[in-house]
Amino acid sequence: MKVPRRPIHAITSWVRRQPPKMKAFLGVASAIISLVLLYVMVHDHNKLFVAAEAVHAIGIAVLIYKLMKERSCAGLSLKSQELTAYFLAARLYCSFVIEYDVHTFLDLATLVATLWVIYMIRYKLKASYMGDKDNFKVLYLVVPCILLSILIHPTPPRVSLLQRIFWAFCVYLEAVSVLPQLRVMQNIKIVEPFTAHYVFALGVARFLSCAHWILQMVATRGGLLVALGTGFWPPMVLLAEIVQTFVLADFCYYYVKSVLGGQLVVRLPAGVV
């Protein structure tokens, strides 16, 4: 007797059979529907940015639990953690100088946790660190971000040029900081649960942050773009938010697929990252 498939399995199987263009269309449609729902359900869109930072902190907490429980950092990218520490430090500096608020506390807590993760990978658990798999050239990320932040940065009044460059640098670097982690997962193909939970949390955080900017722009009828400054900076902020969301979208698809299928690990086909 043939056992009927669950509806969710039938849907995922149908999606998997679709050509790339249809999958892209479905992904964009899902993102638009999610944005509409958030716009209707969340009245204070600033809470989305706080939620994004909180989800990022939860992701770091998952990493800490993994390191303490398994005493292994296998599958983690030290380079991604270091890039995360760089942009958090830059954002924390700007937050202290420009606008000291709840974001400052969340960034500080996340930075401290990230530095602890770096310490554990570098010194306590270095025997399990997959250095040969963590082979992304970070200079290809950091140098362009520095140059771009010098050329294109915000122009608010009463803020020094150095602070403007730091502000832009943290925005650009955050958008690409997860790429070394994705390279590690691409190299090993099988992602264990805690690492998968962490990267999925990053994906959710990036989506909420992107949703915050887009919905704020809609709510202010473009006034947010004027408030951000002049020149290329406003569209670059939105572009950075969109890039960091789509960078993780593919992995999040396979994560959800694995969870719904009852799998403890996420298996990535070649060419996902």
Side-chain angles (χ1 to χ4, degrees), residues 49 52-57 59-60 63 76-99 103-104 106-119 121-122 134-156 159-186 198-199 201-210 212-213 228-229 231-249 251 273:
F49 195 71
E53 293 177 320
V55 172
H56 186 180
I60 296 293
L63 276 193
L76 292 180
S77 168
L78 173 62
K79 294 178 179 179
S80 265
Q81 295 304 312
E82 291 175 339
L83 292 178
T84 299
Y86 295 156
F87 83 72
L88 283 173
R91 192 161 72 190
L92 193 61
Y93 164 73
C94 294
S95 185
F96 270 119
V97 174
I98 300 174
E99 48 177 3
H103 304 293
T104 308
L106 289 172
D107 283 340
L108 178 60
T110 307
L111 176 60
V112 170
T114 301
L115 292 175
W116 185 87
V117 171
I118 292 172
Y119 169 77
I121 296 176
R122 274 194 173 276
D134 195 9
N135 55 12
F136 198 103
K137 302 295 184 181
V138 294
L139 285 179
Y140 293 160
L141 300 177
V142 176
V143 173
C145 287
I146 293 175
L147 295 177
L148 198 58
S149 62
I150 294 174
L151 295 173
I152 304 175
H153 49 260
T155 56
V159 176
S160 70
L161 177 61
L162 180 63
Q163 293 164 5
R164 298 174 185 179
I165 292 175
F166 267 88
W167 186 353
F169 176 72
C170 73
V171 170
Y172 298 143
L173 189 61
E174 182 182 13
V176 296
S177 61
V178 76
L179 288 179
Q181 179 63 60
L182 294 180
R183 172 63 66 83
V184 171
M185 296 189 301
Q186 181 190 47
Y198 162 69
V199 178
L202 289 184
V204 173
R206 303 291 166 83
F207 174 76
L208 290 174
S209 178
C210 183
H212 161 261
W213 288 106
L228 287 174
F232 291 105
W233 171 245
M236 285 300 294
V237 172
L238 295 178
L239 179 61
E241 294 291 339
I242 293 172
V243 165
Q244 61 182 317
T245 300
F246 277 92
V247 160
L248 286 164
F251 172 81
V273 182

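Remember, it's a predicted structure, so these values are computed and weren't measured experimentally. Only heavy atoms go into these numbers, but all of them, side chains included; no hydrogens, no water, no symmetry mates.
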Sub-3.5 Å donor-acceptor pair from the side chain of Ser209 to the main-chain atoms of Arg206, do we have one? no

Do any N or O atoms from the side chain of Thr110 and from the backbone of Leu106 form a donor-acceptor pair under 3.5 angstrom? yes

Please report the interatomic distance [atom1]([X]) to [atom2]([Y]), rounded to the nearest 0.5 Å.
{"X": "Lys79", "Y": "Ile121", "atom1": "NZ", "atom2": "CD1", "result": "12.5 Å"}
{"X": "Phe166", "Y": "Ser95", "atom1": "CZ", "atom2": "OG", "result": "14.0 Å"}
{"X": "Leu63", "Y": "Trp116", "atom1": "CG", "atom2": "CH2", "result": "9.5 Å"}
{"X": "Leu151", "Y": "Phe232", "atom1": "CG", "atom2": "CZ", "result": "10.5 Å"}
{"X": "Gln244", "Y": "Leu239", "atom1": "CD", "atom2": "CG", "result": "10.5 Å"}
{"X": "Thr245", "Y": "Leu208", "atom1": "OG1", "atom2": "CG", "result": "9.0 Å"}

For the pair Trp233 and Val237, evaluate side-chain contact (heavy atoms from CB on, under 4.5 Å) and give the outcome as yes or no after the intermediate values. CA-CA 6 Å; Trp233 171 245; Val237 172; 3.3 Å; yes

Locate the shortest heavy-atom distance separating [X] from [Y]; write the atom from each residue and the value.
{"X": "His153", "Y": "Ile165", "result": "ND1-CG1, 4.2 Å"}
{"X": "Ser77", "Y": "Gln181", "result": "N-OE1, 2.9 Å"}
{"X": "Arg164", "Y": "Pro154", "result": "CD-O, 3.1 Å"}
{"X": "Val243", "Y": "Ala175", "result": "CG1-O, 4.4 Å"}
{"X": "Gly59", "Y": "Tyr198", "result": "O-CD1, 3.2 Å"}
{"X": "Ile146", "Y": "Phe169", "result": "CG1-CE1, 3.6 Å"}

Under the side-chain contact (heavy atoms from CB on, under 4.5 Å) rule, what do Arg183 and Asp134 come out as? Steps first, then yes or no, please. CA-CA 7 Å; Arg183 172 63 66 83; Asp134 195 9; over 6 Å; no

Going by atom type alone, with no hydrogens or angles, which donor-acceptor pairs under 3.5 Å involve a side-chain atom of residues 82-89 and a protein atom two or more places apart or on another chain?
unit_1 : atom_1 : unit_2 : atom_2 : d
Glu82  : OE2    : Arg122 : NE     : 3.1
Glu82  : OE2    : Arg122 : NH2    : 2.6
Thr84  : OG1    : Ser80  : O      : 2.8

Flag side-chain contact, heavy atom, 4.5 Å: [X] against [Y]:
{"X": "Val143", "Y": "Leu147", "answer": "yes"}
{"X": "Ile152", "Y": "Tyr172", "answer": "yes"}
{"X": "Val247", "Y": "Val176", "answer": "no"}

Test side-chain hydrogen bond (donor to acceptor under 3.5 Å, both in side chains) on Gln81 and Thr114; report intermediate values, then the result. CA-CA 6 Å; Gln81 295 304 312; Thr114 301; 4.6 Å; no

Phe136: ring pair (Phe, Tyr, Trp, His ring centres under 6.0 Å) partners, not counting sequence neighbours: none

Run the side-chain contact (heavy atoms from CB on, under 4.5 Å) test on Leu182 and Leu248 for me, step by step, so that the C-alpha distance in whole Å, both residues' side-chain angles and the decisive distance to 0.1 Å come before the verdict. CA-CA 8 Å; Leu182 294 180; Leu248 286 164; 4.0 Å; yes

Assess whether side-chain contact (heavy atoms from CB on, under 4.5 Å) is satisfied between Leu148 and Met236, documenting all intermediate values. CA-CA 10 Å; Leu148 198 58; Met236 285 300 294; 3.6 Å; yes

